[in-house]
Chemist: 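Here it is, the structure, as structure tokens.
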There are 2 protein chains.
Amino acid sequence: MAQNNVRDRAGGAIDDVDAAIIEQLQRDARIPNNQLAERVGIAPSTCIARVRSLVDRGVVTGFEARVDPAALGLGLQALISVSVRSGARHRMAEFSAEMRRMPDVLQLFFLGGSEDFILHIAARDSAHVRDFVLEHLSAHPFVASTRTSMVFEHVSRAVTIP
Amino acid sequence: MAQNNVRDRAGGAIDDVDAAIIEQLQRDARIPNNQLAERVGIAPSTCIARVRSLVDRGVVTGFEARVDPAALGLGLQALISVSVRSGARHRMAEFSAEMRRMPDVLQLFFLGGSEDFILHIAARDSAHVRDFVLEHLSAHPFVASTRTSMVFEHVSRAVTIP
DNA sequence: CATGAAAAGTCTAAAGG
DNA sequence: CCTTTAGACTTTTCATG
């Protein structure tokens, strides 16, 4: 069986050509359609239809520019584990919406287990991290406790096709 | 002072037009250059030069397609905190390179503090998570201990210009 | 640095296999 | 589902303010 066939949510299948398209677009979302077509070995018009189908089926969810936070003066990153008061567990959605509005928040992970969620933030310096935790977390009525760890290095990779 | 002037690493400055360009490209990296130019209020030829400059200065580090792991059959995500044996601390770089090669790893955070790093992985199901931890972490000579938390929800946001 | 105009290249739809 | 073709649209370069 030379061909992959991971089924997607919409019932379509990801074949080898789709996989190759995805891999190229993960590397460079701005590759011209005709170059992309040539690299994956199909005609440009077929390629355009394939890319559209991947987007329509929800496999490719968007195309975004990666920006270096350090280049914007945000040279520090931190992970903050937050435990929510047991009485406030049912209001997590509310809290989530608040956190999402904070400009410093890069990622938000809602977890099962003892910790309730982890925030990934970008900051100018350690005073900025401290202020963020004190003002937006420690002082928050839903928050039971926090634990902050500085990020020394962050590696992020696109998901690999199984 | 109506104009922003965050200095970047290369000594250039991010002015309001650059900030507007970055914001648009974070939303949609594939926006046509002439549309982008119109939205930020400059000529297409100027816009092309601005975008190139942002890339050359390392402010914009790339353009990538976002892919839904669930659409590829990876419906589960986990965060795994890993503590490294004290004797192996000086070989973290080696370990990092190994982890980066694993196809299931989405992100890798190197931390200061008691935990040494956190892995963010995508998996088919809980058996896949368990196998990953057992085979690649617990069995690894550098690893002292691990703690796995399932991710119920993951929100990821582009960095905001300060 | 920014611009406009012209050349080079790319996108896309339609028709046919 | 793929390919070819041809017209429309975009990108890009470069000379000039």
Side-chain angles (χ1 to χ4, degrees), chain A residues 1-67 71-72 161, chain B residues 1-67 71-72 161:
Chain A
M1 220 207 265
Q3 180 160 302
N4 252 331
N5 265 301
V6 178
R7 304 224 115 232
D8 72 22
R9 269 176 326 190
I14 310 288
D15 64 14
D16 289 345
V17 173
D18 285 335
I21 288 172
I22 290 168
E23 202 188 317
Q24 291 299 322
L25 289 176
Q26 283 174 332
R27 268 203 243 292
D28 177 12
R30 292 194 122 193
I31 184 176
N33 179 66
N34 56 3
Q35 263 181 60
L36 177 56
E38 193 186 8
R39 281 202 204 167
V40 306
I42 57 178
S45 58
T46 308
C47 191
I48 228 164
R50 288 271 194 163
V51 172
R52 251 206 287 268
S53 163
L54 286 168
V55 172
D56 290 347
R57 286 184 285 159
V59 179
V60 172
T61 57
F63 301 94
E64 65 185 358
R66 240 183 297 115
V67 174
L72 301 177
I161 293 147
Chain B
M1 215 208 265
Q3 179 160 306
N4 252 330
N5 264 300
V6 178
R7 306 224 113 233
D8 71 22
R9 268 177 324 191
I14 309 288
D15 64 13
D16 289 345
V17 174
D18 285 334
I21 289 173
I22 290 169
E23 202 188 317
Q24 291 299 323
L25 289 176
Q26 282 175 332
R27 267 204 243 294
D28 178 12
R30 290 195 123 192
I31 185 176
N33 179 67
N34 55 1
Q35 262 182 60
L36 176 57
E38 194 185 8
R39 280 199 205 171
V40 305
I42 56 178
S45 54
T46 309
C47 191
I48 226 164
R50 288 272 194 163
V51 172
R52 250 205 286 269
S53 163
L54 286 168
V55 172
D56 289 348
R57 286 184 285 158
V59 179
V60 172
T61 57
F63 302 94
E64 65 185 357
R66 238 182 300 113
V67 174
L72 301 177
I161 293 147

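Heavy atoms only: backbone and side chains are in, while hydrogens, waters and symmetry mates are out. In the text below, chain A, chain B and the rest are named by the order of the sequence lines, each starting its count at 1.
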Chemist: For the OG1 atom of B:T46 and the CG atom of B:N33, what is their distance to the nearest 0.5 Å?
Modeler: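 Rounded to the nearest 0.5 Å, the OG1-CG separation comes out at 9.5 Å.
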Chemist: Under the 3.5 angstrom rule, does the side chain of B:R57 hit a backbone N or O of B:A13 as a donor-acceptor pair?
Modeler: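 Yes; at least one donor-acceptor contact below 3.5 Å.
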Chemist: What residues in residues 25-36 of chain B put a non-hydrogen atom under 4.0 Å from any atom of DNA chain D?
Modeler: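 The answer is B:P32, B:N33, B:N34.
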Chemist: Give DNA chain C the dot-bracket treatment, 5' to 3': Watson-Crick (N1-N3 with N6-O4 or O6-N4) or G-U (N1-O2, O6-N3) under 3.5 Å, [ ] crossing, | other strand.
Modeler: |||||||||||||||||
Chemist: In Å, rounded to the nearest 0.5 Å, how long is the span from CD of B:E23 to CG of B:D16?
Modeler: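 One finds 11.0 Å between CD of B:E23 and CG of B:D16.
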Chemist: Determine: side-chain N/O of A:R52 to OP1/OP2 of C:dT12, distance under 4.0 Å, yes or no.
Modeler: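 No.
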Chemist: Would A:R39 and A:I31 satisfy side chain to side chain contact (heavy atoms under 4.5 Å, CB included), going step by step from the backbone distance to the final call?
Modeler: CA-CA 10 Å; A:R39 281 202 204 167; A:I31 184 176; 4.0 Å; yes
Chemist: Could you check whether any side-chain heavy atom of B:V51 comes within less than 4.5 Å of a side-chain heavy atom of B:I21, counting everything from C-beta outward?
Modeler: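 They are in contact (side-chain heavy atoms under 4.5 Å apart), so the answer is yes.
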Chemist: Taking CD from A:E38 and P from C:dG9, how many angstroms apart are they, rounded to a whole number?
Modeler: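 My rounded result for the distance is 14 Å.
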Chemist: Could you tell me the boundaries of the chain A footprint on DNA chain D, defined by atoms under 4.0 Å from its heavy atoms?
Modeler: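 Going 5' to 3' along DNA chain D, contacts run D:dC2 to D:dT4.
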Chemist: Tell me if the CD atom of A:E38 is crowded by more than 12 foreign heavy atoms within 6.0 Å.
Modeler: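 Count not over threshold, so no.
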Chemist: Is the closest side-chain heavy-atom distance between A:L54 and A:I14 below 4.5 Å?
Modeler: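 They are in contact (side-chain heavy atoms under 4.5 Å apart), so the answer is yes.
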Chemist: Between atom CZ of A:R66 and atom CZ of B:F63, what is the distance when rounded to the nearest 0.5 Å?
Modeler: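 With rounding to 0.5 Å, CZ (A:R66) is 9.5 Å from CZ (B:F63).
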Chemist: Can any side-chain N or O of A:N34 pair as donor or acceptor with the backbone N or O of A:P44 at less than 3.5 Å?
Modeler: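 The answer is no, because no donor-acceptor pair under 3.5 Å joins these two groups.
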Chemist: What is the distance from atom CZ of A:R50 to atom OG of A:S45, rounded to the nearest 0.5 Å?
Modeler: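 OG of A:S45 is found 12.0 Å from CZ of A:R50.
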Chemist: Whether B:T46 contacts C:dT3 is assessed here as follows: a side-chain N or O lying under 4.0 Å from the phosphate OP1 or OP2. Is that the case?
Modeler: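 Yes, B:T46 has a side-chain N/O under 4.0 Å of OP1/OP2 on C:dT3.
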